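Below is one structure, written out as structure tokens; comments come after it.
We name chains A, B, ... by the order of the sequence lines, and we start the count at 1 in each one. The structure displayed is predicted, hence computed values, not measured ones. Side-chain atoms are counted along with the backbone in the values below, which use heavy atoms only and exclude waters and symmetry mates.
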There are 2 protein chains.
Amino acid sequence: MTRVLVIDDEPQIVRALVINLKARHYEVDAAHDGATALQLAAARHPDVVVLDLGLPDMDGVEVIRGLRGWTRVPILVLSARHSSDEKVEALDAGADDYVTKPFGMDELLARLRAAVRRAEPVPGGEDEVVVDTAEFTVDLAAKKVNRDGRDVRLTPTEWHLLEVLVRNTGRLVSQKQLLQEVWGPSYGTETNYLRVYMAQLRRKLEVDPAHPRHFITEPGMGYRFEK
Amino acid sequence: MTRVLVIDDEPQIVRALVINLKARHYEVDAAHDGATALQLAAARHPDVVVLDLGLPDMDGVEVIRGLRGWTRVPILVLSARHSSDEKVEALDAGADDYVTKPFGMDELLARLRAAVRRAEPVPGGEDEVVVDTAEFTVDLAAKKVNRDGRDVRLTPTEWHLLEVLVRNTGRLVSQKQLLQEVWGPSYGTETNYLRVYMAQLRRKLEVDPAHPRHFITEPGMGYRFEK
DNA sequence: CTCCGGCGTCAGAGTTCCGTCAAGGACGAC
DNA sequence: GTCGTCCTTGACGGAACTCTGACGCCGGAG
């Protein structure tokens, strides 16, 4: 769940934001002044910050600097001031976006979504998509299988089949489901394909292909991958 | 130097932007319609895009989608429309910011700076600028390849292809992804291009081009660069 | 016991995919 | 214009992959 930190000293604005955000399943923290805000940010590590520049205890830009000292969390600034200088100052201090009050809630939420989306790690980035077994390792992102320090070469079909099984580690995958995912939706009965390609996977990955430990056959039903 | 792509069909706006940006030492490309814009984006790989939604040939949101299909470059939208729906649509399509016309140049530039800053890689991040192999060295920042103490001459396309592969060292890069990143989003099936240019890269960089050790073919799937 | 269905194995045929070469065209430099 | 560089395109032989049928094994049912 995405966590939002709202910083504003006007209770009605905070209330409106909190209600709208919670309705959209965001987790919301709120602070009424800069000091509390910085503390909360450090404690809760929000995914995005909504900051009103007009705070009672400190300049909003100072809050931005305080945050930017240690985090790159997206900061969305709210302000009643339309002056161009204010915007430039806030943006150059490290804000990500600047919305002038009064603002439309739809727009604010859209900008919030944009800010959060941007901060997301690249899909297929460094996320750990590696599955380990005693004998081999499957890296789903790099499309690599390593066994005894060597890369194992898989054909597209073999890889596709392995992928479906590994993504369902421990679960039984029916023959029909495998056929449809690997060969396409119009397949479903060609179980001989499965037999051939399961055999090849086992030959390449199992220690003893005749007595598989990872690619288990469930007779009449399907196959199961076990670590 | 930061490269900006300006997309707008109003010459006076383009002129104003180009003058201001160049004065601040940005490198600027300009397009006056969506098709040219997508082409230019693919060819020039801008660091940030400024996009007017009102284009003669296609909907601005389509341009956003066209870009987002293959790149995460920051997109700053300009529009005369103040309607909230328009903003939400553009932002949800993948835009990073939305500025309504008439806009202050200072503010626009500040938002541009914010967008570029955000996109910067984390300082001290795991960005490898130089990649070494036993036989040659690729310097991604300097755009240079060195082999046996000599710089290897690569054509723009060869370099581009090499860059994509090296940035994904060890990972399989699909043919479609390579084509889209190097030749542009409208490509995806012209695998003969890949065959030709992979051969050229191998001829220039592999010890034995017929038995490549670094530029590995995964038949039916794509290519992989290995140190 | 025999029969039978489901599974594993193997090898060959057919098809797709890849590396290579060469020719043609676009473009800019001189 | 002429040259040189680079990109595109087509063609072809060979390699890799998928499909297909045949066969044997095994366990359960009759």
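- In this structure, CG of B:L179 is placed 12 Å from P of D:dT9, rounded to the nearest angstrom.
- Here D:dC6 presents its P atom at 15 Å from CH2 of B:W159, a figure rounded to the nearest Å.
- Residue contacts for B:R203: at a heavy-atom cut-off of 4.0 Å it reaches no nucleic acid atom on any strand shown.
- Dashed line: the shortest gap from a side-chain N or O of B:W183 to OP1 or OP2 of D:dC7 is not under 4.0 Å.
- The distance between the ring centers of A:Y197 and A:W183 falls below 6.0 angstrom.
- Using a 4.5 Å heavy-atom threshold, the side chains of B:V77 and B:D97 count as separate.
- The residue A:Y223 sits close only to the backbone: its heavy atoms come under 4.0 Å of sugar-phosphate atoms, none of a base.
- Rounded to an integer number of Å, the gap from A:H160 NE2 to D:dC17 C1' is 16 Å.
- In this model, the phosphate group of D:dC17 is not approached by any side-chain N or O of A:T157 to a distance below 4.0 Å at OP1 or OP2.
- Candidate nucleotides D:dC19, C:dT9, D:dC6 were compared by shortest atom distance to the side chain of A:Y193, and D:dC19 ranks first.
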Please step through salt bridge (charged side-chain N to carboxylate O under 4.0 Å, His left out) for the pair A:D92 and B:R113, ending with a clear verdict. CA-CA 7 Å; A:D92 280 341; B:R113 284 194 295 275; 2.7 Å; yes
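- Under 4.0 angstrom from either OP1 or OP2 of C:dT9 there lies no side-chain N or O belonging to A:R195.
- The side chain of B:Q175 contributes an N or O atom lying less than 4.0 Å from OP1 or OP2 of C:dC18.
- Taking atom CD of residue B:E190 and atom C1' of nucleotide D:dC7, one finds them 13 Å apart after rounding to whole Å.
- Nearest-nucleotide mapping onto DNA chain D: of B:E218 and B:T155, the residue sitting toward the 5' end is B:T155.
- Just one residue in the list A:L154, A:N168, A:L140 forms a side chain to side chain contact (heavy atoms under 4.5 Å, CB included) with A:E163, and that residue is A:L140.
- Out of D:dT9, D:dC17, C:dG8, the shortest distance to the side chain of A:R202 is found at C:dG8.
- Dashed line: the shortest gap from a side-chain N or O of B:Y187 to OP1 or OP2 of D:dC7 is not under 4.0 Å.
- Taking every heavy atom of residues 133-140 of chain A and every atom of DNA chain C, no pair lies under 4.0 Å.
- The nearest whole Å value for the distance from the CG atom in B:L194 to the P atom in D:dT9 is 13 Å.
- A donor and an acceptor atom, one from each side chain of B:D47 and B:T2, are nowhere located under 3.5 Å apart.
- In this structure, the nucleotide among C:dC10, D:dC6, D:dT18 sitting nearest to the side chain of A:V196 is C:dC10.
- No close placement of the B:H45 and B:W159 rings is indicated, their centers lying 6.0 Å or farther apart.
- Put simply, CG on A:L154 is 15 Å from C1' on D:dT18, counting in whole angstrom units.
- Separating the CG atom of B:N192 from the P atom of C:dT20 is a distance of 15 Å, rounded to the nearest angstrom.
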Residue pair B:F215, B:F225: steps toward the ring-ring contact (aromatic ring centres under 6.0 Å, His included) verdict: CA-CA 5 Å; B:F215 300 94; B:F225 173 77; 5.4 Å; yes
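- Contact between the side-chain N/O atoms of B:T217 and the OP1/OP2 oxygens of C:dG19 is found at a separation under 4.0 Å.
- Side-chain contact, A:R195 with A:T217: no donor N or O sits under 3.5 Å from an acceptor N or O.
- One atom, CD of B:Q200, and another, P of C:dC18, lie 17 Å apart when rounded to the nearest Å.
- In terms of position along DNA chain C, the nucleotide closest to A:P219 lies nearer the 5' end than the nucleotide closest to the other residue of the pair A:P219 and B:M221.
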